[in-house]
Amino acid sequence: MLKPILATLLTLSTIAAKAQLVSDSLLIENRYRVFVYDKSVKIKPGASLIFLMHGSGGEPLGFAPRAAKLQAKAEAENLVLVYPAGYKRYWNECRKASTAVANKENVNEEAFFSAMIDFFSDKYKINKAHVFATGFSGGGHMSYKLALTMPGKIKAISAIVANMPTEENMDCTPMNVPLPVMITNGTADETNPYNGGEVKTSGVTLGTVRATDQSFQYWAKLDGYSGEPTKSMLPDADKTNNITVEKYTYQRKGKPEVTLLKIINGKHEFVTDFDMFEETWAFFKRQIGR
């Protein structure tokens with residue numbers, strides 16, 4: 001197991017080294033909020049913008065190599081990839097129990113993300129109707145928040161190893177607007193329990209989350225679906241592990257797509273069986289023009 005993971009990380013590091021990542025910041029309510037992007041990418045007007053968010057306790061430069069394969073395609077796909085930084089390494093997402101400073105000080109994430117959209121609109125003339133958000137763990141929770149509280153500015157989200165907070169742990173007021181959502185969770189995840197419960201992580205308390213099926217059905221119901229989703233299997237690209245990927249999809253003309261990637265035996269980590277951000281962009285592309 002170690003050799004394939006090491007090879008993957010080395011490949012990602014090589015690709016990432018070709019990017020020219022730069023940091024910038026915006027003053028939001030007396031706090032400088034930082035974000036990172038690749039200045040070397042030549043962007044044409046009308047580009048799509050994707051926010052890629054690190055997990056709780058992380059930071060953009062450590063996280064960016066995970067999206068190296070997608071970053072390498074950014075110019076060809078006319079994509080602006082932006083890696084925002086949480087406030088003191090954490091996000092003020094929708095978990096009421098969070099003891100992170102970002103939550104305790106109630107930092108204005110909506111203002112930060114709106115300001116970044118305006119920044120890249122001015123810089124690159126992006127298509128403001130094609131703004132997407134994805135994130136890992138706490139970054140996945142931040143993706144949920146953007147879908148819940150500012151759906152007018154976010155086209156679709158992809159949450160990785162993150163379940164929706166339970167109702168008693170919900171700290172956001174949802175606008176209840178249908179939106180395309182993809183969720184990717186592992187059945188052996190001990191941090192973000194697949195079947196719901198307390199999130200276990202060091203250094204911060206984050207409370208409880210719903211089960212994956214409840215998170216999936218939250219968005220399916222909001223988007224107007226009922227009944228059973230369509231099930232398929234992703235190709236088993238890494239036969240050195242015991243991981244397989246089941247795909248469950250609600251998709252109908254005129255409705256937002258809702259998809260669950262169920263990682264059988266997957267833990268709280270990026271899998272080697274497929275590239276999560278390439279899969280995420282494929283999902284986002286399907287929502288353009290819908």
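Quick note: residue numbers are just sequence positions, from 1.
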- [ ] Enter the distance from Lys247:NZ to Ile263:CD1 here, rounded to the nearest 0.5 Å.
- [x] 11.5 Å
Task: Backbone of Thr244 reached by a side-chain donor or acceptor of Asp236 within 3.5 Å - done: no
Open item on the list: Taking the ring centre of each residue, are Tyr37 and Phe120 less than 6.0 Å apart?
Closed with: yes
TODO: Please confirm whether the backbone N or O of Ile126 pairs with a side-chain atom of Ser121, one donor and one acceptor, at under 3.5 Å?
DONE: no
Open item on the list: Can you confirm whether the side chains of Thr149 and Glu110 place a donor and an acceptor under 3.5 Å from each other?
Closed with: yes
- [ ] Could you give me the CA-CA distance, side-chain angles and deciding distance for Leu234 and Leu261, then say whether side-chain contact (heavy atoms from CB on, under 4.5 Å) is met?
- [x] CA-CA 9 Å; Leu234 262 61; Leu261 298 182; 4.1 Å; yes
Task: Taking every non-hydrogen atom, the tightest pair across Ser23 and Val36 - done: OG-CG2, 3.4 Å
TODO: Ignoring hydrogens and angles, tell me if any N or O in the side chain of Asp223 forms a donor-acceptor pair with the backbone of Leu179 under 3.5 Å.
DONE: yes
- [ ] Could you pull out the closest heavy-atom pair between Ala188 and Lys267, with the gap in Å?
- [x] O-CG, 3.9 Å
Task: Closest approach of Ala156 to Phe283 (non-hydrogen atoms, all atoms of both residues) - done: CB-CE2, 4.3 Å
Task: side-chain contact (heavy atoms from CB on, under 4.5 Å) evaluation trace for Asp275 with Glu279 - done: CA-CA 6 Å; Asp275 187 281; Glu279 191 71 26; over 6 Å; no
Open item on the list: Could you tell me if the side chain of Thr212 sits less than 4.5 Å from the side chain of Asn195, heavy atoms only?
Closed with: no
Task: Ser215, Ser143, Ser158 screened by side chain to side chain contact (heavy atoms under 4.5 Å, CB included) with Ile183, the one that passes - done: Ser215
Open item on the list: More than 12 heavy atoms of other residues, nucleotides or ligands under 6.0 Å from CD of Glu246: yes or no?
Closed with: yes
Task: Close side-chain approach of Val82 and Ile50, heavy atoms under 4.5 Å - done: no
Task: Polar side-chain atom of His54 near backbone of Gly86 as donor-acceptor pair, under 3.5 Å - done: yes
TODO: Examine the side chains of Asp238 and Thr272 and answer whether a donor and an acceptor come within less than 3.5 Å of each other.
DONE: yes
Task: Check: Val204 main-chain N/O paired with Thr99 side-chain donor or acceptor under 3.5 Å - done: no
Task: Carboxylate-amine/guanidinium contact Arg95 Glu93, below 4.0 Å - done: yes
Task: Charged N-O contact under 4.0 Å between Lys200 and Glu190 - done: no
Task: Phe136-His268 aromatic ring centre distance below 6.0 Å - done: yes
Task: Path from Leu70 to Met182 over hydrophobic side-chain contacts below 4.5 Å - done: yes
Task: Residues Asp171, Lys145: salt bridge by 4.0 Å N-O rule - done: no
Open item on the list: Quick test of your reading of the model: are Glu109 and Arg33 salt-bridged, counting only N-O distances below 4.0 Å?
Closed with: yes
Open item on the list: Less than 4.5 Å apart, side chain to side chain, heavy atoms only: is that true for Phe113 and Lys153?
Closed with: no
TODO: Using the side-chain contact (heavy atoms from CB on, under 4.5 Å) rule, take Lys155 and Val131 through it: C-alpha gap first, then chi angles, then the decisive distance, then the call.
DONE: CA-CA 6 Å; Lys155 176 74 174 175; Val131 178; 5.7 Å; no
Open item on the list: Distance check, rounded to the nearest 0.5 Å: Asn185 atom CG versus Lys262 atom NZ?
Closed with: 11.0 Å
Open item on the list: For Phe216 together with Tyr248, are the ring centres under 6.0 Å from each other?
Closed with: no
Open item on the list: Between Glu59 (side chain only) and Leu61 (backbone N and O only), is there a donor and an acceptor less than 3.5 Å apart?
Closed with: yes
TODO: Kindly indicate whether the side chain of Met53, heavy atoms from C-beta on, has any atom under 4.5 Å from the side chain of Pro84.
DONE: yes
- [ ] List the atom of Ala85, the atom of Trp91, and the distance in Å for their closest heavy-atom pair.
- [x] C-CH2, 3.6 Å
Task: Other residues, nucleotides, ligands: >12 heavy atoms within 6.0 Å of Glu168 CD - done: yes
Task: Asn92 CG to His141 NE2 distance, which is reported to the nearest 0.5 Å - done: 13.0 Å
Open item on the list: Test your reading of the model: is there a side-chain donor-acceptor pair from Tyr90 to the backbone of Gly55, 3.5 Å cut-off?
Closed with: no
Task: Distance (rounded to the nearest 0.5 Å) between Met276 CE and Leu52 CG - done: 11.0 Å
Task: Check: Thr184 and Val161 side chains under 4.5 Å, non-hydrogen atoms - done: no
Open item on the list: Testing the 3.5 Å rule here: is there a donor-acceptor pair between the side chains of Gln217 and Tyr250?
Closed with: yes
Open item on the list: Between Trp219 and Met170, is there shared hydrophobic-cluster membership here, with clusters defined by ILVMFWY side-chain heavy atoms closer than 4.5 Å?
Closed with: yes
Task: Val41 reachable from Phe51 in the ILVMFWY side-chain graph, under 4.5 Å edges - done: yes
Task: Test item: Tyr32 and Tyr87 side chains (from C-beta on) under 4.5 Å apart, heavy atoms - done: no
- [ ] Verify, without hydrogens or angle tests, whether Asp189 (side chain) and Tyr194 (backbone) share a donor-acceptor contact under 3.5 angstrom.
- [x] no
TODO: Verify the cluster assignment for Phe112 and Val107: are they in a single hydrophobic cluster under the rule of side-chain heavy atoms below 4.5 Å apart?
DONE: no
- [ ] With Tyr218 as reference, evaluate Val181, Val258, Leu148, Asn163 under the side chain to side chain contact (heavy atoms under 4.5 Å, CB included) test and give the passing residue.
- [x] Leu148
Open item on the list: A side-chain contact here means heavy atoms from C-beta on lying under 4.5 Å apart; do His130 and Gln287 qualify?
Closed with: no
- [ ] Please examine the side chains of Phe284 and Ser48, heavy atoms only from C-beta on, and report whether any two atoms are closer than 4.5 Å.
- [x] no
Open item on the list: If we count only N and O atoms by modelled type, under 3.5 Å, do the side chains of Thr230 and Thr249 hold a donor and an acceptor together?
Closed with: no
Task: CG on Leu81 to CD on Gln71, rounded to 0.5 Å - done: 4.5 Å
Task: Path from Val34 to Tyr83 over hydrophobic side-chain contacts below 4.5 Å - done: no
Open item on the list: Could you tell me if Glu29 and Asn108 have a donor-acceptor pair between their side chains, going purely by distance under 3.5 Å?
Closed with: yes
Task: Selection residues 187-220 - residue pairs positive for disulfide (SG to SG under 2.5 Å), sequence neighbours left out - done: none
- [ ] Considering non-hydrogen atoms only, spot the tightest contact between Ser56 and Leu206 and give its length.
- [x] OG-CD1, 4.4 Å
Open item on the list: Under a 3.5 Å distance rule, please check whether Tyr144 uses its side chain to pair with a backbone N or O of Ala162 as donor and acceptor.
Closed with: yes
Task: Closest contact, heavy atoms only, Gly46 versus Asn127 - done: O-CB, 3.6 Å
Open item on the list: Tell me whether the rings of Trp281 and Phe132 are parallel (<30°), tilted (30 to 60°) or perpendicular (>60°).
Closed with: perpendicular
Open item on the list: For Phe119 and Phe35, I'd like to know if the aromatic rings sit close, meaning centre-to-centre distance below 6.0 Å.
Closed with: yes
Open item on the list: Would you compute the distance between atom NZ of Lys239 and atom CG of Asp273 and round it to the nearest 0.5 angstrom?
Closed with: 9.5 Å
Task: Salt bridge present between Arg252 and Glu257 (N-O < 4.0 angstrom) - done: no
